[in-house]
Structures are given as C-alpha cells and as structure tokens.
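As structure tokens, the structure follows; a few thoughts come after it.
Letters go in sequence order (proteins before strands), and every chain restarts at 1. As the structure is a computational prediction, the values presented were derived from the model and not from experiment.
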Protein chains: 2
Amino acid sequence: MNAPSQRNRGQDKAAESPTLEDVAERSGVSTATVSRCLNNPSVVSEKTRARVMEAVKALGYAPNFGARALAAKRTNTFGAIIPTMENAIFARGLQAFQEELERNGITLLVASSSYRPELEDKQIQSLVARGADALLLIGHDRTPDTYDFLEKRQIPYVIAWVHDDNEARISIGFDNRKAMKLLAERVLDHGHQSLGLISAQLEGNDRARHRLEGIRDAMKERGLDPSKLQITETQYTISCGAEALATLLHSDPKPTAVLCGNDVLAAGALLEARKQGLRVPQDISITGFDDIEIAEIVSPALTTVHVPHSNMGAGAAKLLLAMRNGEDVEQSVELEATVVERDSLGNAPT
Amino acid sequence: MNAPSQRNRGQDKAAESPTLEDVAERSGVSTATVSRCLNNPSVVSEKTRARVMEAVKALGYAPNFGARALAAKRTNTFGAIIPTMENAIFARGLQAFQEELERNGITLLVASSSYRPELEDKQIQSLVARGADALLLIGHDRTPDTYDFLEKRQIPYVIAWVHDDNEARISIGFDNRKAMKLLAERVLDHGHQSLGLISAQLEGNDRARHRLEGIRDAMKERGLDPSKLQITETQYTISCGAEALATLLHSDPKPTAVLCGNDVLAAGALLEARKQGLRVPQDISITGFDDIEIAEIVSPALTTVHVPHSNMGAGAAKLLLAMRNGEDVEQSVELEATVVERDSLGNAPT
DNA sequence: TTGTATGCGTTATCAA
DNA sequence: TTGATAACGCATACAA
C-alpha cells in the first residue's frame with residue numbers, strides 16, 4: 001500500500017529545479033558523469049560530454065550551490081564586509097578586489113555593516129555560513145568574539161584600508177596616522193594656527209582615530225597644543241558634513257582650516273561654507289581624505305589625501321588567494337598615501 | 001582492519017565547524033531537538049532549550065546555510081542585481097530595499113552586472129543557485145532566455161526603476177520617457193533650440209532609450225526636428241561625461257543645452273565646460289538625471305530629474321515580500337519623477 | 001572512461 | 001516533549 005518513496009516528477013506542474021539526476025536521466029548516463037562534465041570535463045569522453053552538455057542546456061540546469069558546497073567543502077566564494085555602500089569611498093577598491101577575484105574564478109559576496117560592529121559580526125557569520133572561503137575586512141576594530149570566531153573556523157581573512165605596526169594581523173593598506181599627519185603639516189605650512197576636524201565616529205573606527213592622532217602629531221611637532229584642536233564627530237554623509245561645519249564655526253577660536261575625515265564630509269563642509277558666504281580657501285580652508293571622484297568635481301577642488309584604492313583592492317585579493325591556496329602569508333603590506341594639493345587649501349587669513 | 005567509517009572528531013587539530021550533531025552530543029539531546037531549539041523554540045521545553053543554547057554558544061555553532069537551504073527549500077534570502085555599484089545611482093534605492101527586507105527577517109545578496117546582459121544572466125543564475133527566494137531587477141531589457149529561466153524556476157521577481165505601460169511584467173518605478181520629456185520641455189521653455197544628449201549605451205538599456213524618446217517627444221511637440229538632436233553614447237562615469245561634452249561641442253550646430261543621462265555624466269560635463277572656459281548656464285546649459293547627492297554639491301548645482309529612489313526600493317521590497325508569501329500581485333506601481341530646477345539650466349545665449 | 005555508493009549538515013515526518 | 005530517520009542535490013573514492 002505504501003507508495004514507493006521516490007521523488008515525484010513529471011506530473012506536478014510547479015517546475016522544480018532540474019537536478020543532476022534529471023540531466024543524467026535525459027542523457028542516459030550516471031549522475032557522476034554529469035558531475036564530471038561540469039567540474040572536470042577533461043576526464044570524460046568527447047562524445048558523452050557533448051550529449052550531457054546538450055541536456056544541461058535543454059533543461060536549464062544550474063548546480064545547486066548549497067548542495068555543492070556541502071559535498072565539496074569549498075565554494076570558490078569570498079566575502080567582503082565594508083562599512084558602507086552609500087558613498088563611493090570603498091567602491092573603487094572593491095571593484096579592483098572583485099576584478100582580481102573574477103580573474104581567478106571566484107565569486108564575491110558583499111555585505112555592508114553601516115559602521116556597526118555587532119552588525120558586522122552578524123554579516124561575518126552569515127557569509128561564513130554561506131560558505132565564504134575567505135574574507136576581506138576593513139580596519140582592525142572589532143570585538144574579540146569576532147576574531148575568536150574567525151580563528152576557530154580557520155577562515156583566512158585580511159584587514160584592508162589600514163597599516164598599523166602595532167597589529168599583528170595580516171593587513172594591506174596605508175598608515176592612516178602618517179597620512180593625515182602629512183596633510184596636517186601641509187595645512188600648518190600655510191600658516192594656519194587654529195584647526196578643526198570633522199571626523200567620523202571614533203569608537204569602533206581605528207582609521208578615524210589614527211587620522212585624529214596624525215593631526216595631533218603634526219601640531220605637537222610644530223609646538224601647537226593638540227588639545228586646542230576642535231573636533232566634531234558625525235556620520236559620513238554630505239549633510240552631516242555641512243552641519244558639522246556649522247557647529248565648528250561657532251567654536252572659539254574659530255578654526256581657519258577644517259580637516260575632514262573624508263571627501264564626502266568635506267563636500268558637505270564646502271556646501272555649508274558657501275551657504276554662509278565664506279569663500280574657500282580665502283576665508284576658510286577645507287581638506288578631504290580619500291581622493292574619490294567628488295574631490296575633483298566640487299569647487300574649489302579638494303586638497304585631500306590620495307588613497308591607493310585599486311592597489312589595496314587588488315592586493316587584498318592576491319593575499320587572500322594565496323592564503324586560500326595554503327601558502328602562508330606572513331607579511332602585511334604597506335602602501336603609500338600621498339597628499340594631493342588642489343584648491344581648497346590656502347593660506348590662513350591674516 | 002577497516003577503520004569505522006565515522007566522522008573523525010577531536011584529535012584533528014584543524015578546527016572543523018561545529019555541526020548540529022556536535023551541539024546535540026554536548027547537550028545530550030538529539031539533533032532534531034537542537035534544530036527545533038533554533039527554528040521553533042516554543043515547542044521545546046524550557047529546560048532542555050537552555051541546555052542546548054548553552055552548548056550552541058560554547059561551541060560557536062552557526063547553522064550551515066547550504067545544508068539548511070537543501071533541507072528546508074527556502075533561504076529567506078532575496079537577491080538584487082543592479083547595473084553598477086561604482087556610483088551612487090542605485091545606492092539609496094538599494095538601501096531602502098534592504099532596510100525593508102531586514103525588517104522582515106530576510107537577507108539581501110547584491111550583485112552588479114556592469115550593464116552587461118550576459119553578465120546579468122550569470123548573476124541571476126548564481127543568485128538562484130544560492131537559493132535566492134526572489135529577485136530585484138533593474139529595467140526590462142534582458143534576453144528571452146533570462147526570462148524563460150525565471151519563469152521555469154518560478155522565481156518571483158520585480159522590475160524596478162521603470163514604469164512602462166507596454167510591458168506586462170510587474171514593475172515599480174517611474175516613466176522614464178515622461179520624466180525626461182518634462183525636463184526637456186523645461187529646457188525648451190528657456191529658449192534653447194539646439195539640444196545635445198549625453199546618454200548611456202542605448203542597447204540593452206530601456207531606461208536610456210526611453211529618456212531619449214522623451215526628449216524627442218518634447219521637440220516634436222514644439223515643432224523642432226527631433227533628428228537634429230545631437231547624441232553621444234558613453235559609459236556612466238565622470239570622465240566619460242567630460243569627454244562626451246568635448247565631442248558635442250564640436251558638432252554643428254553647437255548645442256546650447258546638453259541633457260545628460262544621469263547626474264554623474266552631468267558632473268563630468270560641468271567639469272569639461274569649466275575647463276573650456278564656458279560659463280554654466282550663461283554660455284551653455286547642462287542638466288542631469290536622478291538627483292543623487294552630487295547634483296547638489298557641484299556648482300552650479302544641477303537642474304535634474306528627481307527620482308523616487310527610496311520609495312522604489314521600499315516598494316519593491318514590499319511587492320517581492322507579498323509575492324514570496326504567495327499573494328498574487330497583479331499591478332505594477334507607477335511613481336512620480338519630478339523636475340527640480342537648480343542653477344545649471346539657464347536661458348539660451350542670444 | 002563510466003557507474004555505484006556514501007556522506008556532507010539540515011529540516012521535517014513519523015513514532016514514541 | 002523528544003528521538004529516529006528519510007530526504008535534499010551534489011562530489012568523490014572506489015570499483016568495474
């Protein structure tokens with residue numbers, strides 16, 4: 001009386017996804033052979049391969065990713081978690097990362113954490129559960145739990161966008177502190193004595209903290225009191241940058257140069273300055289960081305720090321690829337970030 | 001002599017991912033119970049649940065996504081394929097889309113197709129193989145094969161960023177043709193007789209084509225010969241926009257107003273105009289499309305078409321959610337796009 | 001070169 | 001409330 005416990009097929013109208021078995025049946029071979037045609041074609045005879053591929057096409061077969069991961073224990077998928085997709089800060093680097101991966105036949109999954117460590121932790125879990133073979137992470141700041149998880153699972157990962165001698169983890173990036181110090185020195189060279197900083201949230205963001213330290217370093221070296229630096233913390237959006245500048249303009253002494261944590265913030269600050277009738281750079285100087293496209297299209301064009309986006313992305317991919325292949329990568333790589341002077345930085349008003 | 005074919009555990013140092021079975025063993029229950037604790041906690045006794053959850057935490061257990069998808073046949077994952085991540089055109093809409101999904105406990109996977117239909121087709125396959133329960137797609141243009149695949153697999157999908165009465169598929173967006181016509185009318189109102197268009201590639205991009213048609217509609221209505229419209233097709237980047245303007249300025253008659261396919265292109269055009277010593281809008285008018293952030297930060301600020309990014313994103317999520325829940329959605333939704341006048345459009349030079 | 005058989009980690013059905 | 005156990009779709013060791 002019991003119905004044979006076979007997979008029902010044919011008469012149910014809801015089109016099920018074709019499986020290996022379907023293809024095998026249609027082409028009159030075993031599932032193993034079909035699998036081989038897909039993964040290791042060279043080992044199967046020209047003739048049967050043709051027949052199988054024909055069936056694959058006819059059925060619109062595509063392998064079930066989960067099943068494949070389950071059986072093969074690797075996915076040829078890497079993951080990247082970036083703080084935000086809302087602006088272009090990470091776009092170019094990610095693009096380079098992804099191109100390099102594609103060249104090596106691996107697929108990229110991207111998630112964004114909105115600069116929130118707990119969310120990032122979830123994203124990491126999710127990507128790992130989805131079978132990510134390796135991960136790209138931005139910056140060192142995250143909970144010990146997260147790192148424990150990564151270690152326990154033996155997931156290769158690389159930290160990008162930073163280079164910090166104090167951290168042992170493999171990373172690829174530039175020294176944010178040094179880079180910002182370079183820029184601050186340039187600002188001081190123009191005679192500014194009273195500086196302001198529009199920064200991202202400092203907590204949970206080592207890049208932002210290091211940039212702040214870089215400014216302080218420069219001030220100290222020039223005999224200025226670093227505690228005089230006016231700091232506003234805000235989110236990375238244009239309107240926040242504008243607001244932040246307005247706030248800063250109320251402080252005493254009013255800064256004659258405002259350094260911004262990135263170009264987006266600087267664009268906002270520029271907007272606010274214009275709105276308040278301030279000329280840049282005659283009345284106030286404003287600098288950016290990152291050198292993304294908008295740095296050139298705003299006017300005046302931003303003096304900013306050029307960050308090696310593409311090199312970081314491509315380099316990160318290479319590191320990760322090497323790790324995944326079992327080579328042991330021991331050296332972090334430090335890239336150079338350089339100041340690019342355009343028009344938004346001028347001499348201090350007298 | 002044969003070793004028992006059991007899963008080796010314990011003595012191998014490479015920390016394997018803990019499985020349901022590991023958790024079960026540690027908490028002295030069956031795997032079924034552990035599974036229930038995770039998916040349907042209410043049905044298991046308080047006491048055992050506590051013990052199980054303790055083990056879960058201790059082991060750092062996280063369910064294997066592939067296995068789960070395989071067994072449960074749904075993933076609570078939706079996919080979105082957008083043409084590009086390189087600029088912010090889709091960022092805001094995607095953000096809204098994702099927020100709405102998150103609110104409903106579903107995860108978003110994003111892929112970008114670089115405006116290439118074959119690549120998009122691959123991405124769709126990949127997302128479906130990864131278990132995406134539903135898909136967000138941009139625009140109607142894609143191969144019949146792609147649509148066949150979607151139908152065959154019964155994957156719910158919605159087309160966003162467009163509303164086209166001629167297409168039967170469920171979509172949410174605005175009428176690109178109408179929107180661009182509105183803008184073109186505004187341009188003509190300013191006395192311009194000679195228009196140029198910097199467009200994205202027209203092939204495979206119905207949005208771009210409809211925008212072109214919108215301009216032609218407006219010209220016809222005003223008694224202008226639509227074939228006189230100077231068209232340049234290019235990629236969506238700032239530098240391409242700049243190049244394209246340079247090209248257009250060589251045409252005869254030289255356009256006095258150049259409409260751009262989007263704000264990124266317009267920003268580039270603005271840059272080139274400045275470089276050539278042309279004042280905008282006194283010497284030449286330039287308009288954008290999309291109303292993304294850069295529209296406001298360039299100077300002069302762009303006259304452009306404001307697109308309901310957030311509403312499209314959130315609305316698309318709601319449609320897809322409804323479809324996934326088996327409700328049948330029959331109506332496309334049309335949203336409004338409106339012209340926003342800022343400073344880059346002025347009267348035609350006399 | 002091809003086929004058979006097994007296991008991957010879950011969920012879900014059925015009994016207990 | 002819990003425990004066995006049969007799928008799920010695929011890759012691969014082993015046999016033929």
Side-chain angles (χ1 to χ4, degrees), chain A residues 2-9 16-52 56 59-76 128-131 153, chain B residues 2-9 16-52 56 59-77 125 128-131 153:
Chain A
N2 280 319
S5 107
Q6 285 187 175
R7 189 152 162 263
N8 84 343
R9 71 179 69 238
E16 288 278 317
S17 300
T19 70
L20 254 201
E21 198 179 336
D22 295 328
V23 178
E25 188 171 301
R26 189 184 221 270
S27 45
V29 299
S30 74
T31 62
T33 299
V34 178
S35 176
R36 282 190 282 259
C37 282
L38 267 32
N39 300 304
N40 199 1
S42 63
V43 78
V44 36
S45 86
E46 175 74 27
K47 215 179 80 186
T48 55
R49 191 185 355 165
R51 208 166 62 247
V52 168
V56 165
L59 264 43
Y61 168 81
N64 177 304
F65 183 83
R68 173 176 275 189
L70 209 50
K73 297 177 156 173
R74 67 193 148 54
T75 60
N76 290 332
V128 169
R130 285 191 142 77
R153 291 297 180 84
Chain B
N2 279 320
S5 104
Q6 284 187 172
R7 189 155 165 266
N8 85 341
R9 72 180 66 240
E16 288 280 315
S17 300
T19 71
L20 255 200
E21 197 179 336
D22 296 328
V23 178
E25 188 170 300
R26 188 183 221 270
S27 45
V29 299
S30 73
T31 61
T33 299
V34 178
S35 175
R36 280 190 282 260
C37 282
L38 268 29
N39 300 304
N40 199 2
S42 64
V43 78
V44 38
S45 85
E46 175 74 28
K47 215 178 80 187
T48 56
R49 192 186 352 167
R51 209 166 62 248
V52 169
V56 165
L59 264 41
Y61 169 81
N64 177 304
F65 182 83
R68 174 176 274 188
L70 207 51
K73 297 175 157 174
R74 65 192 150 54
T75 59
N76 289 332
T77 297
Q125 302 237 5
V128 169
R130 287 191 140 78
R153 291 298 181 84

*Identify the two heavy atoms, one from B:Ala129 and one from A:Pro63, that lie closest to each other, and give their separation to 0.1 Å.*
CB-O, 3.3 Å
*Where is the tightest heavy-atom contact between B:Gln125 and A:Ala62, given as atom of each residue plus distance?*
OE1-CB, 3.6 Å
*Closer to the 5' end of DNA chain D via nearest nucleotide, is it B:Val29 or A:Gly66?*
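The residue whose closest nucleotide sits nearer the 5' end is B:Val29.
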Whole angstroms only, please: what is the [atom1]-[atom2] distance between [X] and [N]?
| X | N | atom1 | atom2 | answer |
| --- | --- | --- | --- | --- |
| A:Asn40 | D:dA13 | CG | P | 11 Å |
| A:Leu70 | C:dT10 | CG | P | 9 Å |
| A:Phe65 | C:dC8 | CZ | P | 19 Å |
| B:Leu59 | C:dG9 | CG | P | 13 Å |
| B:Glu25 | C:dG9 | CD | C1' | 15 Å |
| B:Arg153 | D:dG9 | CZ | P | 11 Å |
| A:Asn64 | D:dA7 | CG | P | 18 Å |
| A:Glu21 | D:dC10 | CD | P | 9 Å |

Check whether any side-chain heavy atom of [X] lies under 4.5 Å from a side-chain heavy atom of [Y], and answer yes or no.
| X | Y | value |
| --- | --- | --- |
| A:Arg153 | B:Pro18 | yes |
| A:Val52 | A:Val23 | yes |
| B:Arg26 | B:Leu59 | yes |
| A:Pro41 | A:Val43 | no |

*Quick one: pull up NZ in B:Lys73 and OG1 in B:Thr75 and give me the separation to the nearest 0.5 Å.*
14.0 Å
*Out of curiosity, A:Arg68 CZ to A:Asn76 CG, how far, rounded to the nearest 0.5 Å?*
8.5 Å
Between the protein and nucleotides 11-13 of chain C, are there any N/O to N/O pairs under 3.5 Å, and if so, what are the atom names and distances?
residue: C:dT11; atom: OP1; partner: B:Asn39; partner atom: OD1; Å: 3.4
residue: C:dT11; atom: OP1; partner: B:Asn39; partner atom: ND2; Å: 2.9
residue: C:dT11; atom: OP1; partner: B:Arg68; partner atom: NE; Å: 2.8
residue: C:dT11; atom: OP1; partner: B:Arg68; partner atom: NH2; Å: 3.1
residue: C:dT11; atom: OP2; partner: B:Ser35; partner atom: OG; Å: 2.6
residue: C:dT11; atom: OP2; partner: B:Asn39; partner atom: ND2; Å: 3.3

Within the pair [X] and [N], is there a side-chain N or O less than 4.0 Å away from OP1 or OP2?
| X | N | result |
| --- | --- | --- |
| A:Thr19 | D:dG9 | no |
| A:Thr33 | C:dG3 | yes |
| A:Ser45 | C:dT2 | yes |

*Measure the angle between the two terminal helix axes of the helix from C:dT1-D:dA16 to C:dA16-D:dT1, five base pairs each, and quote it to 10°.*
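About 30°, once rounded to a multiple of 10°.
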Would you give me the side-chain donor-acceptor pairs under 3.5 Å for residues 28-35 of chain B, sequence neighbours excluded?
residue: B:Ser30; atom: OG; partner: B:Ala32; partner atom: N; Å: 3.4
residue: B:Ser30; atom: OG; partner: B:Thr33; partner atom: N; Å: 3.3
residue: B:Ser30; atom: OG; partner: B:Thr33; partner atom: OG1; Å: 3.3
residue: B:Ser35; atom: OG; partner: B:Asn39; partner atom: ND2; Å: 3.3

